[in-house]
Amino acid sequence: MTAVDQGVWAAPGRINLIGEHTDYNDGFVLPFALPQRTVVTAERLDRPEWSVTSTLTGETVTFDLSEPVTGWAAYVAAVVWVLREAGHDVPGARLSIDSDVPGGAGLSSSAALECAVLSALADLGGLDIPVEQRPSLAQRAENAYVGVPCGIMDQSASTLCREGHALFLDCRSLATEQIPLDLAGQGLAILVIDSRAPHQLVDGEYAARRAACERAAELLGVPALRDAVLDDLSRLDDELLIRRSRHVITENARVLDTIALLREGRLREIGPLMTASHASMRDDFEITVPEVDEAVETALAAGAYGARMTGGGFGGCVLALVEAEKAATVAEAVTAAFAARGFHPPATFLALPSPGAHRLS
């Protein structure tokens with residue numbers, strides 16, 4: 001692969017149509033990439049040093065990996081670190097970062113940053129890294145360097161998604177399939193409602209859910225909860241582990257049912273599966289908050305076919321499947337409901353299935 005001296009690269013945020021907290025349980029997920037993206041303008045340096053500037057804050061951080069990097073720049077340092085750990089000769093670089101992926105909304109702003117930086121450094125260094133291997137590298141960067149125990153879904157979506165499609169990802173085999181998601185062709189839209197409730201995964205809640213799933217799998221004698229069925233839960237005597245496991249088992253089934261409907265072009269019929277997914281996250285996995293529950297209930301009452309929280313939980317976004325002509329009405333209903341309950345005003349936008357990481361120029 002021929003190295004380049006400079007260029008501009010982009011990687012998108014993602015939204016997950018269905019399949020929450022299944023990824024680290026070796027299960028199934030169905031995300032798609034958003035038009036919102038992180039853009040990295042980069043040029044190669046002739047020394048092993050990396051200088052990164054955020055156009056959003058004006059802050060510049062320079063590092064050489066001799067000491068740990070913290071804060072937002074840690075995600076950039078993590079990519080440099082993981083590429084070097086994998087044996088690649090990573091070039092020094094000057095990078096400028098811009099993004100319109102909302103932070104803290106559960107739309108994978110961190111994965112967008114990692115994947116955009118990885119794309120830039122791979123091209124600057126002429127590194128031979130097949131695209132299908134890049135999600136695993138970006139995931140390891142976030143797990144091992146930043147310290148967030150995320151699964152591989154976010155990085156896979158930000159790297160591998162195609163315009164007009166959702167990405168069916170088997171998180172065990174890493175096999176993928178592009179599933180057509182022609183919303184406009186059926187007069188539909190996916191309305192995203194950013195609840196503006198805080199969304200932080202570096203606290204203990206995400207890690208606690210993951211640990212509970214791993215403990216349940218160990219007690220059931222299966223490699224991961226992907227291998228369990230509902231009848232297995234009678235062998236658990238811990239009510240908390242039963243509920244956590246039930247969410248994962250039923251969520252994997254909902255992903256497969258959703259894909260079957262999408263393959264047949266029956267988009268409206270996935271709505272009840274989305275709503276059932278939210279109920280499971282609320283009641284069994286206990287990761288919703290009042291803002292997202294209100295958004296789901298109000299969207300359904302206003303005519304959505306289905307609605308669910310997306311992302312790791314404890315805040316973030318809801319997505320609602322609606323008739324395109326009703327999207328504004330549903331958004332207005334949610335805004336009014338938030339005002340009535342004294343919540344911060346939500347932000348809303350339409351999600352369009354978009355391409356994964358690529359070079360712009």
Side-chain angles (χ1 to χ4, degrees), residues 12-18 20-21 31-32 34-37 56-57 99-110 112 183-184 187-203 205-206 209 247 267-268 270-354:
R14 69 96 187 96
I15 204 158
N16 194 22
L17 186 61
I18 198 163
E20 225 64 73
H21 287 266
F32 63 89
L34 293 169
Q36 289 82 357
R37 61 191 185 180
L56 300 177
T57 67
S99 182
D100 62 356
V101 183
L107 301 178
S108 297
S109 57
S110 59
L183 297 163
L188 295 170
I190 289 180
L191 176 69
V192 180
I193 304 157
D194 182 353
S195 70
R196 300 288 181 90
H199 176 89
Q200 298 178 353
L201 293 184
V202 189
D203 60 16
E205 295 292 349
Y206 182 101
R209 298 306 186 281
H247 165 72
L267 271 66
R268 287 171 178 80
I270 73 172
L273 293 167
M274 295 169 63
T275 305
S277 171
H278 184 80
S280 182
M281 289 187 283
R282 181 192 62 215
D283 301 334
D284 278 346
F285 226 61
E286 298 180 287
I287 56 173
T288 71
V289 295
E291 290 91 337
V292 299
D293 291 336
E294 182 67 44
V296 167
E297 292 164 12
T298 303
L300 292 171
Y305 291 107
R308 64 182 292 274
M309 187 197 73
T310 186
F314 309 101
C317 290
V318 162
L319 66 164
L321 179 66
V322 299
E323 293 289 341
E325 62 186 17
K326 292 184 178 179
T329 300
V330 175
E332 290 167 4
V334 173
T335 300
F338 271 43
R341 293 196 57 178
F343 296 152
H344 292 298
T348 59
F349 63 90
L350 298 182
L352 303 173
S354 300

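Residues passing the side-chain hydrogen bond (donor to acceptor under 3.5 Å, both in side chains) test with Asp293 are His278, Thr288, sequence neighbours excluded. Annotation: side chain to side chain contact (heavy atoms under 4.5 Å, CB included) contacts of Pro272 (sequence neighbours excluded): none. Applying the side-chain hydrogen bond (donor to acceptor under 3.5 Å, both in side chains) test to Ser280 and every residue at least two apart in sequence or in another chain returns His247, Arg254. With sequence neighbours left out, the side-chain hydrogen bond (donor to acceptor under 3.5 Å, both in side chains) criterion links Gln36 to no other residue. Remark: Arg282 engages no residue in a side-chain hydrogen bond (donor to acceptor under 3.5 Å, both in side chains) (not counting sequence neighbours). The side chain to side chain contact (heavy atoms under 4.5 Å, CB included) search around Ala112 returns Thr38, Val101, Ser158, not counting sequence neighbours.
The stretch residues 320-330 participates, sequence neighbours left out, in these salt bridge (charged side-chain N to carboxylate O under 4.0 Å, His left out) pairs: Arg268-Glu323. The ring pair (Phe, Tyr, Trp, His ring centres under 6.0 Å) pairs that include a residue from residues 288-310 number zero, where partners must be two or more places apart or lie in different chains. Applying the salt bridge (charged side-chain N to carboxylate O under 4.0 Å, His left out) rule to pairs touching residues 298-313 yields Glu20-Arg308, Glu251-Arg308, sequence neighbours excluded.
At a threshold of 4.5 Å between non-hydrogen side-chain atoms, the residues Cys317 and Asp194 count as touching. Using a 4.5 Å heavy-atom threshold, the side chains of Leu352 and Leu183 count as separate.
Ile270 CD1 to Thr275 OG1: the interatomic distance, rounded to the nearest 0.5 Å, is 10.0 Å.
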Which pairs would a plain distance check flag for residues 328-344, meaning a side-chain donor or acceptor within less than 3.5 Å of a matching protein atom at least two apart in sequence or in another chain?
from, atom 1, to, atom 2, distance (Å)
Thr335, OG1, Ala331, O, 3.0
Arg341, NH1, Glu294, OE1, 2.9

